[in-house]
Amino acid sequence: MNPVPATGIADLVRLHGKRMVGTTDDVDEVVGACSSALRPHTLRVHRRLSARLDHLASGTISLNRLQYGADVTISEIAPEQDEFLLSLPVGGRARFAYGATSAVLEPGTASVVSPYRAFRLDLDGQFDQVVVRLDRQLVERTAAQLAGTSGTLPVQFDLKADKLSRGVLALVEASVHLATDPQLGGRPWHLEALLAESLLLGYPNTAGRKLGGTAETPSSARVRRAMEYLQARIAESFPLAEVAQHCGVSLRSLQLGFRRETGLSPGEWLRMQRLDRAHAVLSAADPSATTVTATATACGFVHLGDFAAQFKARFGESPSAVLRKTDGGGSLRR
């Protein structure tokens, strides 16, 4: 099952988010709310506004559905900002400019606006988008981890209308569920770092050649250490750069080691371990005391649809079918 597309994510943000602006034509109110939720800016209106902003916080990430209902031009107050902005359009058309580059955004595309240079956004009256705000320090720390260095690494994304990434969409959707599902509240998913890592590895940027570090094949002992680290945190979500750092190798080296030892990437291997753990739990569970959702969550899956599809592909039956076969003692029903 595919993750919810950008339109579905926009609907979830509208459903669960806090309405910070509700179809108003008050320019000062709109600028104040959008500056607070996203980044400080100026707003030039080409006809009367009918703006709406819904805001949903999830850890250090925030998800914002924003419509101005009029042709507008947005520009920076100061070129240095504190956040990266991922735009996921769901309607209309806009031209984004950052420094000397520009891109036209429409539904089905995505773009990242970096925080270091002057920006200008020209939006038409139908432009409707989800804006994901990521903390600058988080992105720069993740870039440094991927490059195998300490501290932070400034990184500028190419401003271009890229095709929406399925993995990025799934992480953005998971961030919505993390913020709204009480069963997931407070769990250490670290989705913000995962999202930053996915953007850094999946979208062109100035640090691209540095990310992943040097490609030296690690020893089997280091790969085993990585496996132990992953298994001990099987219910958590975290960037693979964290695992590589723990084992004292680069991300590229970690990937080479897993390919040599298992034939899989670290992410693929971890997914198999999580599926096997979930199958073992469901096979021994009391159906009256356990749910598929609770089991998926305990085994590190946030997106229930993806979990069910992957589970069936691996074991030939659905998670609920495995759970129904067991009684309180974990034996098969007769």
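For this chain, numbers begin at 1 and follow the sequence in order.
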Trainee: Honestly curious: do L264 and L275 fall in one hydrophobic cluster under the side-chain, below-4.5 Å linking rule?
Mentor: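 L264 clusters together with L275.
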Trainee: Using only atom types and a distance under 3.5 Å, with no angle test, would you say the side chain of S318 pairs donor to acceptor with the backbone of A321?
Mentor: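 At least one qualifying donor-acceptor pair exists.
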Trainee: If two hydrophobic side chains count as joined below 4.5 Å and joins carry through other members, does L138 share a cluster with V168?
Mentor: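 No; tracing contacts between hydrophobic side chains, which count when under 4.5 Å, never links both residues.
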Trainee: Hydrogens and angles aside, do Q137 and T152 bring a side-chain donor and acceptor to less than 3.5 Å of each other?
Mentor: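 Side-chain D/A pair, Q137 to T152: absent.
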Trainee: How many angstroms lie between atom CZ of F127 and atom CG of L121, to the nearest 0.5 angstrom?
Mentor: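 F127 CZ to L121 CG: 8.5 Å, rounded to 0.5 Å.
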Trainee: Is there side-chain contact between L146 and P239, with heavy atoms separated by less than 4.5 Å?
Mentor: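 Side-chain contact under 4.5 Å: no.
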Trainee: Between the side chains of S111 and S87, does any donor sit under 3.5 Å from an acceptor?
Mentor: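 On atom types as modelled, these side chains do not qualify, holding no pair under 3.5 Å.
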Trainee: Do V281 and F301 sit in the same hydrophobic cluster, where Ile, Leu, Val, Met, Phe, Trp and Tyr count as joined when their side-chain heavy atoms come under 4.5 Å apart?
Mentor: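 No: no chain of side-chain contacts under 4.5 Å links V281 to F301.
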Trainee: For P287, does its backbone N or O pair with a side-chain atom of R324 as donor and acceptor, under 3.5 Å?
Mentor: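 Pair absent, no side-chain N/O of R324 close to backbone of P287.
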Trainee: Should the pair R95-D122 be classified as a salt bridge under the 4.0 Å nitrogen-to-oxygen rule?
Mentor: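 The answer is no: the pair does not qualify as a salt bridge.
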Trainee: Output yes when a side-chain donor or acceptor of S114 lies under 3.5 Å from a complementary backbone atom of Y116, and no otherwise.
Mentor: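 No, because the side chain of S114 does not come within donor-acceptor range (under 3.5 Å) of the backbone of Y116.
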Trainee: Verify, without hydrogens or angle tests, whether N64 (side chain) and V131 (backbone) share a donor-acceptor contact under 3.5 angstrom.
Mentor: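 Pair found, side chain donor or acceptor close to backbone of V131.
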Trainee: Using the rule that two of Ile, Leu, Val, Met, Phe, Trp, Tyr join whenever any of their side-chain heavy atoms come within less than 4.5 Å, decide whether L270 and M272 are in one cluster.
Mentor: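 Hydrophobic grouping puts L270 with M272.
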Trainee: Sub-3.5 Å donor-acceptor pair from the side chain of E197 to the main-chain atoms of L240, do we have one?
Mentor: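 At least one qualifying donor-acceptor pair exists.
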Trainee: Report the residue from L53, L56, D11 that forms a side-chain contact (heavy atoms from CB on, under 4.5 Å) with R65.
Mentor: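 Answer after filtering L53, L56, D11: D11.
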Trainee: Listed by chain and number, what are the ring-ring contact (aromatic ring centres under 6.0 Å, His included) partners of H279, not counting sequence neighbours?
Mentor: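 Per chain and number, H279 pairs via ring-ring contact (aromatic ring centres under 6.0 Å, His included) with F311, F315.
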Trainee: Would you say E173 and L169 make side-chain contact, with heavy atoms under 4.5 Å?
Mentor: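 The answer is no, as the side chains (C-beta and beyond) never meet within the 4.5 Å cut-off.
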Trainee: Looking at V139 and L200, what are the two nearest heavy atoms and their distance?
Mentor: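 Residues V139 and L200, closest heavy atoms: O-CD1, 3.8 Å.
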Trainee: Is a donor on one side and an acceptor on the other found under 3.5 Å between the side chain of R39 and the backbone of E83?
Mentor: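 Yes, because the side chain of R39 sits within donor-acceptor range (under 3.5 Å) of the backbone of E83.
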Trainee: Starting at CZ of R44, measure out to CG of D71 and round the result to the nearest 0.5 Å.
Mentor: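 Answer for the CZ-CG pair, R44 versus D71, is 11.0 Å.
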Trainee: Is the closest side-chain heavy-atom distance between S220 and R260 below 4.5 Å?
Mentor: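 Result yes, sub-4.5 Å side-chain heavy-atom pair found.
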Trainee: Measure from the side-chain N and O atoms of T262 to the backbone N and O of F258, and report whether any donor-acceptor pair falls under 3.5 Å.
Mentor: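 Yes, T262 side chain to F258 backbone: donor-acceptor pair under 3.5 Å.
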Trainee: Any Lys/Arg nitrogen of R222 or E261 sitting under 4.0 Å from an Asp/Glu carboxylate oxygen of the other?
Mentor: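 Result for this pair is no, no salt bridge flagged.
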Trainee: Side-chain contact test, heavy atoms from C-beta onward, threshold under 4.5 Å: evaluate it for T42 versus I77 and give yes or no.
Mentor: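 Answer yes - side chains close enough.
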Trainee: Take atom CZ in R271; do more than 12 heavy atoms of anything else shown fall under 6.0 Å from it?
Mentor: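 Buried by this count: over 12 neighbours within 6.0 Å.
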Trainee: Under a 3.5 Å distance rule, please check whether R133 uses its side chain to pair with a backbone N or O of L38 as donor and acceptor.
Mentor: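 Such a contact is found between R133 side chain and L38 backbone.
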Trainee: Are side-chain N/O atoms of T291 and T293 paired as donor and acceptor at under 3.5 Å?
Mentor: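 No, T293 and T291 have no side-chain donor paired with an acceptor closer than 3.5 Å.
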Trainee: Side-chain contact test, heavy atoms from C-beta onward, threshold under 4.5 Å: evaluate it for Q81 versus R136 and give yes or no.
Mentor: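 Counting from C-beta outward, Q81 and R136 never come under 4.5 Å.
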Trainee: Around atom CZ of R277, are there more than 12 heavy atoms of other residues, nucleotides or ligands at under 6.0 Å?
Mentor: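 Counting neighbours around CZ of R277, 12 or fewer heavy atoms of other residues, nucleotides or ligands fall under 6.0 Å, so no.
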Trainee: State which residues pass ring-ring contact (aromatic ring centres under 6.0 Å, His included) with F96; sequence neighbours excluded, sorted by chain then number.
Mentor: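 Partners of F96 under the ring-ring contact (aromatic ring centres under 6.0 Å, His included) test: none.
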Trainee: Mind jotting down which residue pairs meet the ring pair (Phe, Tyr, Trp, His ring centres under 6.0 Å) criterion with at least one end in residues 25-70? Sequence neighbours excluded, please.
Mentor: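 Found none.
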Trainee: Hey, does the Lys NZ or Arg CZ of R225 hover above the aromatic six-ring of Y229, less than 6.0 Å from the centre and inside 45° of the axis?
Mentor: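 Because its charged atom misses either the 6.0 Å distance or the 45° angle limit, R225 does not stack over Y229.
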Trainee: What distance separates Q145 CD from L251 CG, expressed to the nearest 0.5 Å?
Mentor: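 CG of L251 is found 10.0 Å from CD of Q145.
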Trainee: Is it the case that the side chain of T206 and the backbone of Q156 share a donor-acceptor pair, with hydrogens and angles ignored and the cut-off at 3.5 Å?
Mentor: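 Yes: the side chain of T206 pairs with the backbone of Q156.
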Trainee: Grab the two heavy atoms, one from A278 and one from T295, that are nearest each other, plus how far apart they are.
Mentor: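 What the structure gives for the nearest pair is O-CG2, 4.0 Å.
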Trainee: Rounded to the nearest 0.5 Å, what's the gap from CG on L86 to CG on L199? Could you check?
Mentor: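 Going from CG on L86 over to CG on L199, the span is 5.5 Å.
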Trainee: Hey, is D25 close enough to R48 for a salt bridge, meaning N to O under 4.0 Å?
Mentor: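 The answer is yes: the pair qualifies as a salt bridge.
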Trainee: So, do V45 and V30 sit near enough that their side-chain heavy atoms are less than 4.5 Å apart?
Mentor: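 No, every pair of side-chain atoms sits at 4.5 Å or beyond.
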Trainee: Quick one: do L123 and L85 end up in the same hydrophobic cluster if we chain Ile, Leu, Val, Met, Phe, Trp and Tyr together by side-chain heavy atoms under 4.5 Å apart?
Mentor: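 In one cluster with L123: L85, yes.
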Trainee: With no hydrogens and no angle check, is any side-chain donor or acceptor of D124 less than 3.5 Å from a backbone partner on Q126?
Mentor: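 Between the backbone of Q126 and the side chain of D124 there is a qualifying donor-acceptor contact (under 3.5 Å).
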Trainee: I need the D162 CG to L105 CG distance, nearest 0.5 Å.
Mentor: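 Spacing of CG (D162) from CG (L105) equals 9.0 Å.
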Trainee: Just how far is it from atom CG of L134 to atom OG1 of T142, taken to the nearest 0.5 Å?
Mentor: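 Answer rounded to 0.5 Å: 9.0 Å.
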Trainee: Would you call E236 and E242 a side-chain contact if the rule is heavy atoms closer than 4.5 Å?
Mentor: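 Result no, sub-4.5 Å side-chain heavy-atom pair not found.
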